[in-house]
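My questions all concern the structure below.
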Amino acid sequence: MASKAGMVKVTVVEANYAASNAAISTEEDNLVFNTYGAIEPYWKPRALCRMFVDSASLRPNIDVYKTNIDGYGHRLKTTIDVARIEMVGQDVKAPDGVREDVKDALTVDKMLCGDTSPEVPSLAVDGALRLLPTQARLERLRVEQFFSSCCAEMSFTELRECRRMDLEVTGNAYWEILRDAEGVPYQIVHLPSVTMRLMAVDPCPHELLEKRRVSKMGLRQRMVRRRMRRFIQVLNGVFVAYFKEFGDPRIMSANTGKFYESIDQMRENEPESRVATEVQHFRIHSPVGAYGVPRWVGAALAVLGSHESEEVNYNYFQNKAVPPMAIMVSGGKLANGAAAKIETYIRDQLKGKDNFHKIMILEAEGTAGTVAGGQGARVRIEMKSLMDAQQQDALFQVYDANNTEKVGAQFRLPKILRGDMKDFNRATAEAALEYAEQQIFQPERNHFDFWMNDRFFPELDVKYHEFVTNSVVTKDPPSITKMVADIADAGGLTVNEVRELAADVFGKTYEPLEADWANEPLRVVLAKLQAESHAKPASSGAPGEAVAQQASQLMQLREALTQADTRRGERALVQARSEEAEKILGEHLEELARAGAEVSRGAAVTA
């Protein structure tokens with residue numbers, strides 16, 4: 001039978017871990033949406049936003065999309081190259097390609113007007129060419145003024161970034177389009193996607209006129225039949241307004257969502273009502289319903305799991321209850337009240353980072369009559385480390401890393417774009433960036449550009465310009481210099497085209513030369529100079545020799561750069577190539593300009 005001294009008493013102290021206060025969703029607006037008959041989305045927008053806010057892996061991916069797709073702004077591109085149209089006295093001069101574009105646009109207009117004769121007279125083409133530069137210039141000024149003032153509180157680029165954020169987080173984004181008294185859009189307002197819901201489409205299609213681009217110079221209205229949709233906005237549990245779909249010409253009440261024949265009829269039935277404005281709904285297509293679905297929902301459990309693992313690691317610092325050391329007392333017993341003190345100590349004085357290195361002291365007293373002579377047993381004190389029982393590092397690190405990879409795979413983004421620079425060199429980095437640009441960013445830009453050019457610009461009556469989203473400009477002077485040299489040697493670039501490329505590479509402005517030879521391929525210019533040199537060596541040999549000398553210098557430069565590639569480091573090589581290429585290219589262009597001018601003067605004197 002075991003004695004009382006041999007008994008082991010274990011006291012379990014409750015750790016009392018704090019429960020998570022995080023809430024995944026507080027859809028207080030759902031009841032109001034359901035009351036008004038809105039379609040309920042499968043993925044709740046507010047829940048998706050909460051997951052985004054709590055996630056450490058979603059924002060880097062979405063920020064990459066926002067910056068590279070929408071963050072570089074836009075530019076206006078003329079549908080026809082009006083810069084190459086010149087007026088020579090009363091005559092108009094334009095390259096054959098520009099003239100053909102104008103003729104094709106006029107032909108399309110005739111066909112749409114019912115004219116069966118496909119031929120367009122040359123006089124009509126010349127008349128259009130005379131008016132085109134002025135009309136395009138005035139249109140550009142009008143469009144630029146619109147983009148500078150269409151957003152009341154932000155730039156148009158920031159508006160697009162807000163749209164991208166909503167689109168990637170919730171799968172849906174909404175713009176309110178406001179029109180002036182003439183029915184032309186003048187302002188765009190961002191509507192938070194968490195406040196918007198879709199109503200059911202109209203049961204019957206409606207006839208309406210849509211204005212679309214039909215050629216490079218023309219817009220036409222066409223009658224179409226479409227089922228339109230209404231939208232509803234609720235904010236903080238309070239109904240805000242109804243909206244109609246962008247392009248819907250009908251008069252609708254913003255308070256009730258009812259349609260009327262005229263504004264007067266609406267005022268008569270609803271004196272306090274406002275006229276509903278239009279909403280453009282953007283979405284990431286989903287086959288399961290009218291709402292869009294964010295591209296990362298397939299990794300939703302990974303997002304939630306990573307957040308929960310982070311909470312476990314965080315709670316360790318607040319609730320750590322394993323002391324780093326214990327003082328063991330043997331040959332005795334705990335003093336009266338020691339167990340209660342231990343429990344209080346662990347609960348109140350051991351948790352948290354401020355108490356991380358505290359130790360626990362156990363008091364004991366010896367037992368009587370256990371050794372010869374009637375003396376009490378010797379009390380032995382032993383200090384025992386408990387560090388092995390403590391957590392030494394964060395838990396679930398491999399699990400969290402795998403979840404981060406799962407989320408990145410949903411966006412198809414290379415690691416380097418998410419900020420992970422490990423295991424990358426220049427070649428792999430450039431390949432990753434090129435992949436992202438071609439497979440992800442540019443297609444997304446094209447989708448938005450199509451909507452702007454096909455749906456929005458016709459509403460602004462824009463005929464001569466296209467909306468183009470800017471992309472990342474990769475300026476690699478060595479590569480571009482070599483490319484330009486190769487294409488120029490093959491006769492595929494003119495002097496002005498070389499100047500245009502040089503302006504993009506070096507960040508300087510090179511105005512186009514007005515001489516005729518500047519719009520001819522370099523190989524053709526050199527051939528003409530050589531022909532002039534052989535025909536009149538005394539008078540025109542100098543320009544030909546100068547151009548030949550410059551060509552020789554270019555060849556020597558290419559050889560020097562090739563040799564430097566093996567002798568220097570990569571960074572020094574890029575800098576040297578940029579400086580040398582800029583210097584030689586500038587000298588070459590200036591020499592070509594002087595040589596061409598001398599040839600022109602010599603030809604005039606001979607004549």
Side-chain angles (χ1 to χ4, degrees), residues 27-41 45-46 146-147 149-154 156 158-160 162-163 166 170 172-211 226-283 290-291 451 455-456 458-461:
E27 286 285 322
E28 70 277 0
D29 299 337
N30 272 347
L31 180 61
V32 181
F33 282 125
N34 294 335
T35 302
Y36 285 89
I39 302 175
E40 183 177 0
R46 200 173 295 275
F146 168 80
F147 281 118
S149 61
C150 67
C151 307
E153 300 178 352
M154 62 184 77
F156 186 71
E158 291 175 309
L159 179 72
R160 291 186 59 185
C162 291
R163 166 190 169 272
D166 281 2
T170 67
N172 301 272
Y174 303 87
W175 278 0
E176 181 186 17
I177 313 295
L178 305 180
R179 297 179 185 264
D180 58 19
E182 298 179 357
V184 179
Y186 77 94
Q187 189 172 356
I188 305 175
V189 180
H190 169 252
L191 301 178
S193 60
V194 295
T195 67
M196 298 295 296
R197 293 293 187 275
L198 277 62
M199 305 294 289
V201 295
D202 295 336
C204 299
H206 301 277
E207 291 186 350
L208 64 149
L209 287 174
E210 282 189 345
K211 186 183 292 186
R226 289 180 54 194
R227 296 176 183 267
M228 309 301 289
R229 186 190 297 276
R230 295 174 300 161
F231 303 85
I232 184 174
Q233 185 180 34
V234 173
L235 181 62
N236 297 328
V238 179
F239 167 77
V240 177
Y242 280 101
F243 299 90
K244 60 182 180 179
E245 189 173 350
F246 178 61
D248 192 343
R250 296 175 294 173
I251 305 299
M252 189 183 83
S253 168
N255 292 357
T256 63
K258 294 181 180 179
F259 291 97
Y260 294 94
E261 295 295 331
S262 64
I263 296 180
D264 293 337
Q265 183 184 11
M266 186 190 72
R267 300 296 187 196
E268 181 180 351
N269 290 272
E270 301 180 33
E272 303 297 328
S273 181
R274 301 159 294 164
V275 178
T277 53
E278 301 169 52
V279 161
Q280 175 62 39
H281 176 211
F282 303 95
R283 68 185 186 123
Y291 290 98
W451 178 82
R455 294 294 309 279
F456 193 73
E459 295 293 333
L460 292 176
D461 199 28

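Predicted model, so just to flag it, every value in this text is computed and none were measured.
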Subject >> Heavy-atom closest pair, residues Arg227 and Cys204 >> reply: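 Answer, listing the atom of Arg227 first, then Cys204: NH1-N, 3.7 Å.
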Subject >> Tyr36: partners by ring pair (Phe, Tyr, Trp, His ring centres under 6.0 Å), with sequence neighbours left out >> reply: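 With neighbours one apart ignored, the set is Phe239.
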Subject >> Contacts of type side-chain contact (heavy atoms from CB on, under 4.5 Å), residue Ala200, not counting sequence neighbours >> reply: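 For Ala200 there are no side-chain contact (heavy atoms from CB on, under 4.5 Å) partners, ignoring immediate neighbours.
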**OP:** Of all the heavy-atom pairs spanning Leu159 and Cys151, show the shortest one and how long it is.
**Re:**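 For Leu159 versus Cys151, the nearest heavy atoms are CD2-SG, 3.5 Å.
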Subject >> Atom pair CD1 (Ile39) and CZ (Phe231), whose distance is rounded to the nearest 0.5 Å >> reply: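 Between Ile39 CD1 and Phe231 CZ, I get 9.5 Å after rounding to 0.5 Å.
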Subject >> Over all atoms of both residues, closest heavy-atom pair of Tyr242 and Ser253 >> reply: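 That closest heavy-atom pairing would be CB-O, 4.0 Å.
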Original post:
Tell me, do Met196 and Asp166 make a side-chain contact under 4.5 Å, heavy atoms counted?
Top reply: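 When only atoms from C-beta onward are counted, Asp166 and Met196 do not touch, as no gap falls below 4.5 Å.
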Original post:
Got a sec, which residues hit salt bridge (charged side-chain N to carboxylate O under 4.0 Å, His left out) with Arg230, two or more places apart in sequence or on another chain?
Top reply: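 Testing Arg230 for salt bridge (charged side-chain N to carboxylate O under 4.0 Å, His left out), a comparison that skips the adjacent residues, returns none.
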Subject >> pair Gln233-Leu191: side-chain heavy atoms closer than 4.5 Å >> reply: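 Yes, at least one pair of side-chain atoms sits under 4.5 Å.
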Original post:
With Glu207, which residues qualify under salt bridge (charged side-chain N to carboxylate O under 4.0 Å, His left out), at least two apart?
Top reply: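 Per chain and number, Glu207 pairs via salt bridge (charged side-chain N to carboxylate O under 4.0 Å, His left out) with Arg225.
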Original post:
Which distance, rounded to the nearest 0.5 Å, do you find between the CZ of Phe246 and the CE of Met228?
Top reply: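 Those atoms lie 10.0 Å apart.
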**OP:** Could you pull out the closest heavy-atom pair between Leu460 and Pro185, with the gap in Å?
**Re:**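 Leu460 and Pro185 have their closest heavy atoms at CD2-O, 3.4 Å.
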Original post:
With Phe282, which residues qualify under ring pair (Phe, Tyr, Trp, His ring centres under 6.0 Å), at least two apart?
Top reply: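 Only Trp175, Trp451 meet the ring pair (Phe, Tyr, Trp, His ring centres under 6.0 Å) criterion with Phe282.
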Original post:
Can you name the closest pair of heavy atoms from Gly247 and Leu208 and give their distance?
Top reply: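 Taking Gly247 first and Leu208 second, the nearest heavy atoms are O-CD1, 3.3 Å.
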Subject >> Residue pairs passing the salt bridge (charged side-chain N to carboxylate O under 4.0 Å, His left out) test where at least one lies in residues 267-281, sequence neighbours excluded >> reply: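 Every salt bridge (charged side-chain N to carboxylate O under 4.0 Å, His left out) pair that includes a residue of residues 267-281, provided the two are not neighbours, is Arg179-Glu278.
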Original post:
Hey, does Pro45 have a side-chain heavy atom less than 4.5 Å from the side chain of Arg197?
Top reply: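 Arg197 reaches Pro45 side chain to side chain.
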**OP:** Flag yes if more than 12 heavy atoms outside Leu178 fall under 6.0 Å of its CG atom; otherwise flag no.
**Re:**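 More than 12 heavy atoms, drawn from other residues, nucleotides or ligands, come within 6.0 Å of this atom.
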Subject >> Residues in side-chain hydrogen bond (donor to acceptor under 3.5 Å, both in side chains) contact with Arg283, at least two apart in sequence or another chain >> reply: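 His285.
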Subject >> Listed partners of Asp180 passing side-chain contact (heavy atoms from CB on, under 4.5 Å), at least two apart >> reply: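 So Asp180 forms a side-chain contact (heavy atoms from CB on, under 4.5 Å) with Glu182, Val184, Tyr186.
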Original post:
Rounded to the nearest 0.5 Å, how far apart are CD of Glu459 and NZ of Lys211?
Top reply: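 It comes to 6.5 Å.
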**OP:** Check salt bridge (charged side-chain N to carboxylate O under 4.0 Å, His left out) between Arg226 and all other residues, then give those that pass, not counting sequence neighbours.
**Re:**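 Result, salt bridge (charged side-chain N to carboxylate O under 4.0 Å, His left out) vs Arg226: Glu210, Glu245.
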**OP:** Spell out, as yes or no, whether a donor-acceptor pair under 3.5 Å connects the side chain of Lys244 to the backbone of Met252.
**Re:**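 No, the answer is negative, given that no donor and acceptor are paired below the 3.5 Å cut-off.
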Subject >> Atom of Phe156, atom of Cys150 and distance for their closest heavy-atom approach >> reply: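 Looking at all heavy atoms of both residues, the shortest contact is CD1-SG, 3.8 Å.
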Original post:
Mind checking what makes salt bridge (charged side-chain N to carboxylate O under 4.0 Å, His left out) contact with Asp461, not counting sequence neighbours?
Top reply: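 Asp461: no salt bridge (charged side-chain N to carboxylate O under 4.0 Å, His left out) contacts found.
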Original post:
Within the distance-only criterion (no hydrogens, no angle test), does the side chain of Asp264 pair as donor or acceptor with the backbone N or O of Ser262 below 3.5 angstrom?
Top reply: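 Checked: no pair found.
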**OP:** Please test Tyr291 against Thr170 for side-chain contact (heavy atoms from CB on, under 4.5 Å), starting from the C-alpha separation and ending with a verdict.
**Re:** CA-CA 9 Å; Tyr291 290 98; Thr170 67; over 6 Å; no
**OP:** Please list all pairs passing the ring pair (Phe, Tyr, Trp, His ring centres under 6.0 Å) test where one or both residues lie in residues 251-281, with sequence neighbours left out.
**Re:**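 Those involving residues 251-281 are Tyr174-His281.
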Subject >> Residues that Asn269 engages under side-chain hydrogen bond (donor to acceptor under 3.5 Å, both in side chains), provided they are two or more places apart >> reply: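 Per chain and number, Asn269 pairs via side-chain hydrogen bond (donor to acceptor under 3.5 Å, both in side chains) with no residue.
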**OP:** Taking the side chain as every heavy atom from C-beta outward, state whether Val234 and Thr195 have any pair of such atoms under 4.5 Å apart.
**Re:**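 They are not in side-chain contact.
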Subject >> Minimum side-chain heavy-atom gap Lys258-Ser273 below 4.5 Å >> reply: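 No; the side chains remain at least 4.5 Å from each other.
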